[in-house]
Amino acid sequence: MASEQLKFSLSLLLLTSVFFTPALSRPVLSLHSGDKKVGVFPPTCNRIECPKFNVIHAESEFEIRKYNSTMWSSTSPIEDISFVDATRKGFLQLFDYIQGKNDNKEKIEMTAPVITQVSPSDGPFCASSFVVSFYVPAKNQPNPPPAKGLHTQKWSSKYAAVRQFTGFVADSDVGQEAAALYASLSGSRWAVAVDRATSGDATAVYTLAQYNSPFEFNNRVNEIWMMFDEEDLRP
C-alpha cells in the first residue's frame with residue numbers, strides 16, 4: 001500500500017512539470033465555478049497535444065463537436081463504487097505505459113485529456129464500471145505500442161455533446177453533470193442522436209474528460225461527453 005502511494009506521488013510530481021510548462025499560443029480563458037457556459041479552451045492544450053475537433057453547434061450550456069478518427073489506449077473495465085478511485089487506478093496503469101512499460105519499452109509523450117468512460121450501476125452501493133483512456137499522440141497513432149492489461153480503442157469520426165464544468169471532480173459531480181448535459185439537450189436533434197447511440201438511456205454510459213494536473217488550482221476544465229455517430233443524426 002505504501003509503495004503504491006509513493007508511486008502515485010512521484011507520478012503526480014512528474015505530471016506537474018509536464019502541465020506547468022508556460023503556455024505560448026492560444027489565450028487562457030477562465031471558467032468560474034457555477035458557470036454553465038461552454039467554449040472555454042483548456043489551457044493544458046496550449047502545452048501538450050490534445051485531439052482535434054470542430055465545433056458544429058453551440059448553445060449556452062452545451063456544444064456539439066466532431067472529432068476526427070483517433071486512437072486511444074485504454075484500461076480494462078474497473079469495477080468500483082468511486083469514480084475518483086477508479087480513475088486514479090486507471091491513470092496509474094496509463095502513466096506506467098507512457099513511461100515505457102509497454103512491449104516496445106517506448107516512452108510516449110503525455111497528452112490531454114485523460115478520459116473515463118462511465119457505465120453507472122443501478123444502485124448507490126453497487127460498483128459501476130469505468131474505462132480510463134489516454135489519447136495516443138499523433139506520432140504513435142499509426143501503431144500504438146501494445147501493453148499488458150491495456151487495449152487500443154480506434155474511434156472512427158465521432159460526435160460529442162459536451163458540457164464543461166470547473167474545479168476538482170468529486171464522485172457527486174459526475175452523475176449530476178451528466179444529467180445536466182442531457183437535460184440541456186432536451187427537445188433537440190442532438191438529444192435524439194444521443195438516445196439512438198445509447199439505446200434510449202443516455203445516462204447509462206457517458207465520458208468524463210479531465211485536462212488538468214492535480215496541482216493546478218485555477219482555470220480547471222472538465223467535460224462531460226455524450227458520444228454519437230453520423231448515422232445517429234439521420235432524420
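Between Gly167 and Asn222, the shortest heavy-atom distance links the atoms O-ND2, 2.9 Å. Shortest non-hydrogen contact noted between Leu181 and Ala161 is CD2-O, 3.5 Å. Closest approach of Ala58 and Val55 over heavy atoms only: CB-CG1, 4.3 Å. In terms of heavy atoms, Asn104 sits closest to Pro145 at ND2-CB, 3.7 Å. Nearest heavy-atom pair across Pro113 and Trp72 is O-CZ3, 3.9 Å.
Between Pro120 and Phe130, the closest side-chain pair of non-hydrogen atoms is not below 4.5 Å. Using a 4.5 Å cut-off on side-chain heavy atoms (C-beta onward), Val136 and Thr70 make no contact. Counting only heavy atoms from C-beta outward, the side chains of Lys101 and Lys148 never approach each other to under 4.5 Å. Between Gln141 and Tyr135 there is a side-chain heavy-atom pair separated by less than 4.5 Å. Looking at heavy atoms from C-beta onward, Tyr182 lies in side-chain contact with Asp195 at the 4.5 angstrom threshold. At least one side-chain heavy atom of Val169 sits under 4.5 Å from a side-chain heavy atom of Gln210. When side chains are defined from C-beta on, Val118 does not count as touching Thr207, because their heavy atoms never get closer than 4.5 Å. The shortest distance between side-chain heavy atoms of Thr44 and Glu216 falls below 4.5 Å.
Both Ile48 and Leu94 belong to a common hydrophobic cluster when Ile, Leu, Val, Met, Phe, Trp and Tyr are linked at side-chain heavy-atom distances under 4.5 angstrom. Tracing side-chain contacts under 4.5 Å through hydrophobic residues (I, L, V, M, F, W, Y), one never reaches Val131 starting from Tyr206; they form parts of separate clusters. Hydrophobic clustering (side-chain heavy atoms under 4.5 Å, transitive across Ile, Leu, Val, Met, Phe, Trp, Tyr) keeps Trp225 apart from Met71.
Between the CG atom in Leu150 and the CG atom in Asn102 there is a gap of 9.0 Å [rounded to 0.5 Å]. With rounding to the nearest 0.5 Å, the separation of CZ in Arg88 from CD1 in Ile78 is 11.0 Å. Ile224 contributes atom CD1, which lies 15.0 Å from atom CZ of Phe62 (distance to the nearest 0.5 angstrom). Rounded to the nearest 0.5 angstrom, Met110 CE and Ser213 OG are separated by 9.5 Å. To the nearest 0.5 Å, the span separating CE on Met226 from CD1 on Ile64 amounts to 11.0 Å. The CD atom of Glu59 lies 8.5 Å from the CG atom of Leu185; values are rounded to the nearest 0.5 Å.
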### Full working for side-chain hydrogen bond (donor to acceptor under 3.5 Å, both in side chains) between Ser74 and Ser133
CA-CA 4 Å; Ser74 304; Ser133 301; 2.6 Å; yes
### Message
Run Leu208 and Phe165 through side chain to side chain contact (heavy atoms under 4.5 Å, CB included) and show every step you take.
### Response
CA-CA 11 Å; Leu208 199 148; Phe165 63 104; 4.0 Å; yes
### Task
Applying side chain to side chain contact (heavy atoms under 4.5 Å, CB included), run through Arg196 and Glu231 and close with a yes or a no.
CA-CA 9 Å; Arg196 284 174 175 164; Glu231 63 182 26; over 6 Å; no
### Task
Test salt bridge (Lys or Arg N to Asp or Glu O under 4.0 Å) on Arg47 and Glu109 and set out the steps.
CA-CA 11 Å; Arg47 306 188 287 273; Glu109 292 294 327; over 6 Å; no
### Task
Output, in order, the C-alpha distance, side-chain angles, deciding distance and verdict of side chain to side chain contact (heavy atoms under 4.5 Å, CB included) for Lys89 and Asp80.
CA-CA 10 Å; Lys89 292 173 188 174; Asp80 205 305; 2.7 Å; yes
### Task
Begin with the C-alpha distance, continue with both residues' side-chain angles, and end with the deciding distance and a verdict on side chain to side chain contact (heavy atoms under 4.5 Å, CB included) for Val132 and Gln93.
CA-CA 9 Å; Val132 186; Gln93 294 179 47; over 6 Å; no
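Side-chain atoms of Asp232 come within 3.5 Å of backbone atoms of Asp229 as a donor-acceptor pair (strictly under, hydrogens ignored). No donor-acceptor pair under 3.5 Å is formed between the side chain of Ser69 and the backbone N or O of Ser157. Side-chain atoms of Asn212 come within 3.5 Å of backbone N or O of Val221 as a donor-acceptor pair. Side chain of Ser73 to main chain of Phe134: no donor-acceptor pair is present (N/O by atom type, distance under 3.5 Å, no hydrogens or angles). With hydrogens and angles disregarded, a donor-acceptor distance shorter than 3.5 Å links the side chain of Asp171 to the backbone of Phe83. With hydrogens and angles ignored, the 3.5 Å screen pairs no side-chain donor or acceptor of Asn54 with any backbone N or O of Ile56.
Ring geometry for Trp190 against His57 counts as tilted: the plane angle lies between 30° and 60°, on a 0 to 90° scale.
Applying the side chain to side chain contact (heavy atoms under 4.5 Å, CB included) rule to Ala180 yields the partners Arg163; only residues at least two apart in sequence or on another chain are considered. With sequence neighbours left out, Tyr97 forms a ring pair (Phe, Tyr, Trp, His ring centres under 6.0 Å) with no residue at all. Under the ring pair (Phe, Tyr, Trp, His ring centres under 6.0 Å) criterion, Phe53 pairs with Tyr67, not counting sequence neighbours.
Ion pair Arg65/Glu223 flagged as a salt bridge, since at least one NZ, NE, NH1 or NH2 atom sits closer than 4.0 Å to an Asp/Glu carboxylate oxygen.
In summary, the side chains of Glu177 and Gln164 do not present any donor paired with an acceptor at a separation below 3.5 Å, with no hydrogens or angles considered. For the residue pair Thr116/Thr87, the side-chain donor-acceptor check at 3.5 Å is satisfied. A side-chain N or O of Glu79 and one of Ser129 form a donor-acceptor pair less than 3.5 Å apart.
Taking the ring axis of Phe168 as reference, the NZ or CZ atom of Arg220 stays within 45° of it and closer than 6.0 Å to the ring centre.
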